[in-house]
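In what follows, a single structure is set out as structure tokens and then discussed.
Since this is a predicted model, take the numbers as computed values, not measurements. Atoms within a ligand are numbered from 1 in the order they appear, just like the ligands themselves. Residue numbers run from 1 in the order of the sequence given.
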Amino acid sequence: MRKLLFRNLFLTPLTEPSPEPDGESIAALATGVDIAARRRLGHSLSIRLVDAGSCNGCELEIHAVNNAYYDLERFGIRFVASPRHADVLLVTGPVTKNMQEALARSYDAIPAPKWVVAVGDCAFDGGCFAGSYAVAGGVAAVVPVDLYIRGCPPSPTDLLKGLLALF
Ligand code: SF4
């Protein structure tokens, strides 16, 4: 036991190094999103996120878009708590039968014009949960989708590219 403790004192943690961020391409993407969002919607864009049954992997990447490095809010793009204040409905996960009605109600509550962005492979067609008795299908099975951002999960850069494509 003492030998094990002593050895562990000098071992480095067994974690992978984090990927090198591509600062230039993220800055270019962010500028593109900023210009496009302002042209289309004035000075702000509000996003309502609905987790329709995700494993939470997609949410972690969406949270990263809000962190100090990507800092989406500096462009006036922000997440809101109510669909009544939103322009965009961002949906993650396969749509579980329990969330089907809540998703449809959130969509109905967003004032027009509105857009729906389905994030992740599960939101596309149910992904690895497709065919489950508890899953209604991809997001398009419940509400009309304007844009898919594929990936399992998509990276913050993919999310920025997707938002740029939306405008
Ligand atoms: S796409 Fe992948 S990360 Fe996102 S909810 Fe599905 S399994 Fe989870």
ask   = Are any non-hydrogen side-chain atoms of Asn66 and Arg78 less than 4.5 angstrom apart?
value = no
query = Centre of Phe124's six-membered ring, under 6.0 Å away, within 45 degrees of the axis: is that where NZ or CZ of Arg150 sits?
reply = yes
Thr96 (side chain) donor-acceptor with Ala52 (main chain) under 3.5 angstrom = yes
ask   = When Ile, Leu, Val, Met, Phe, Trp and Tyr are grouped by side-chain heavy atoms lying under 4.5 Å apart, directly or through other members, which residues fall in the same group as Val80?
value = none
remark   = Excluding waters, which are neither shown nor counted, protein N/O/S atoms under 2.8 Å from atom 2 (Fe) of ligand 1 come to 1
message = Within the 4.5 Å heavy-atom criterion, are Glu59 and Ser54 side-chain neighbours or not?
response = yes
query = Hey, are the side chains of Tyr107 and Val50 touching, using non-hydrogen atoms and a 4.5 Å cut-off?
reply = no
